[in-house]
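See below for the structure under consideration.
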Protein chains: 2
Amino acid sequence: MNTREKILATALRLFNEQGIDVITIRHIAKEMGISHSNIQYYFPNADEIIATIYVNHIEELNELPIFMADETHKPAALKNSIIAVLEHIYQYRFIYIHFVVIARRMPELKKVYAQRFKIRRTQFLQLFEDYRKQGIVRADIPAPVWENLIRSLYIIGDFWISANELTTGLKGKKAVTYYAGLLQDLFYPYLTKKGQQWVA
Amino acid sequence: MNTREKILATALRLFNEQGIDVITIRHIAKEMGISHSNIQYYFPNADEIIATIYVNHIEELNELPIFMADETHKPAALKNSIIAVLEHIYQYRFIYIHFVVIARRMPELKKVYAQRFKIRRTQFLQLFEDYRKQGIVRADIPAPVWENLIRSLYIIGDFWISANELTTGLKGKKAVTYYAGLLQDLFYPYLTKKGQQWVA
DNA sequence: TTTTTGTTAGTACATTTGTACTAAAATAAC
DNA sequence: GTTATTTTAGTACAAATGTACTAACAAAAA
């Protein structure tokens, strides 16, 4: 691991542990045992580090296999798919805690976020459509309710990290499992009887 | 309005507009046209201002009439009840954007939050129970799903402000109306046919 | 080897911020 | 009217931070 990668790794750890509001380039340098000028050589300021980590994270998320609702997939695959995403989010949890502040300081990152949302929205709608055809979810749900469900899923997906710190305070795998269950239960009332057996 | 109240009002406005990470006591003083020492006379530091505003907000929320599901209530009353809460949240939106950072800096505020959650959780469960007795919501929903629904409602209730800034970017009343609709739609798949007619 | 390029450290400086302290001004109490 | 008390302003200072600049050192190229 070269210096640049070490900086990113150390910054990620410190941001996750203490937050971007208290960690400066000098803190990262001290933690690494190098000079702050050395970090400055790779990143002009802390925001550049944050932006780099953010883009890395989004790229990792986009590289995850897309879950499709074809017949070969078992419900366990859906849950594992959710867990995989939440695990990545947990690794980069500082982003989600400081989401708005980061987006305010670097508006260009909002585009990356919006782009991902747009793609994922279509994928979700497709997934629901496939489930409906298979009789797994109800056919009597109006389209706007599906739309709003996606929005709700996204809000919880983006802010379960913050909610966890404010209330339950679960760590690591336990947090991921708990909130994966929360997301899964959001689907429950949409399931048909067949769908309930399918996920059981 | 005395000086203390003016400080709180100005601080609230600046925090909402620009965030607690950029607004200092000196900014507030300059905006008010008074000396920063004068603010210091009432509040030793900015965190004390934030804590005061936070407690005021929670007290206002707790003073709102509790929505009960007795027969006299129309569904419009439920929606108005949601809107009233979201309007208060919007007025104090900086709190929700910096929720985790505030809670980290002032852990004692977490207790105020946790206390409110506990009370509200019981009220929600009671509400669902009443609705079930009236045949408005389904009787075949397992208890843990109701529990998780409350958690989800809370996450959305606490972070719709942040989600809005990241994506939709709605302002004022429009934001409140949109996210009130989002919350309401979360209930949709739980409704019986009777319940659907009731809210229609 | 010499030269060039890339990497790291050290220093310096202006700015901001929290905080303390003193004094002036305004208001209330006597 | 004089004395306290409260309120406001001004100043000062240490600590932290972003940023710029220079020099030393290491590695690669010539």
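Proteins get letters first, then strands, A, B, ... in listed order; numbering begins at 1 in each.
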Self-check item: Short side-chain to backbone donor-acceptor contact, A:T192 and A:I136, under 3.5 Å
Solution: yes
Quiz item: Can you check whether B:F43's main-chain N or O pairs, donor with acceptor, with B:R4's side chain at less than 3.5 Å?
Solution: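 The answer is no, because no donor-acceptor pair under 3.5 Å joins these two groups.
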Within this structure, what is the [atom1]-to-[atom2] distance between [X] and [N], rounded to whole angstrom?
X	N	atom1	atom2	result
B:I39	D:dT8	CD1	P	11 Å
A:D47	D:dT19	CG	C1'	14 Å
A:E48	D:dT19	CD	P	11 Å

Self-check item: Proximity to DNA chain C (any heavy atom under 4.0 Å), residues of residues 5-32 of chain B only
Solution: B:T24, B:R26, B:H27
Quiz item: Less than 4.0 Å between a side-chain N and a carboxylate O, is that true for B:E108 and B:K111?
Solution: no
Quiz item: With a 3.5 Å cut-off and no angle check, do the side chains of B:D130 and B:Q126 form a donor-acceptor pair?
Solution: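 The answer is yes; a qualifying pair exists.
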Quiz prompt | Shortest non-hydrogen contact between B:L186 and B:P189, atoms and distance | solution =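 Looking at all heavy atoms of both residues, the closest pair is O-CD, 3.5 Å.
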Self-check item: Side-chain donor/acceptor contact of A:H36 with base of D:dT19 under 3.5 Å
Solution: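 Under the 3.5 Å cut-off, the side chain and the base do form a donor-acceptor pair.
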Quiz item: Should B:Y41 be listed as having a side-chain N or O under 4.0 Å from OP1 or OP2 of D:dT7?
Solution: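 Yes, because at least one side-chain N or O of B:Y41 sits under 4.0 Å from OP1 or OP2 of D:dT7.
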Quiz prompt | Residue-phosphate contact under 4.0 Å: B:N38 side-chain N/O, D:dA9 OP1/OP2 | solution = yes
Self-check item: Positional range of nucleotides in DNA chain C within the contact set of chain B, heavy-atom, under 4.0 Å
Solution: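 Range of nucleotides within reach of chain B: C:dT17 to C:dA20.
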Quiz item: Does NZ or CZ of B:R93 come closer than 6.0 Å to the centre of the six-membered ring of B:Y90, within 45° of the ring's axis?
Solution: yes
Exercise. Treat each ILVMFWY residue as a node, draw an edge where side-chain heavy atoms are under 4.5 Å apart, and state whether B:I119 and B:W146 are in one component.
Key: no
Exercise. Evaluate whether atom CD of A:Q115 has more than 12 neighbouring non-hydrogen atoms of other residues, nucleotides or ligands under 6.0 angstrom away.
Key: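 Incorrect, the count does not exceed 12.
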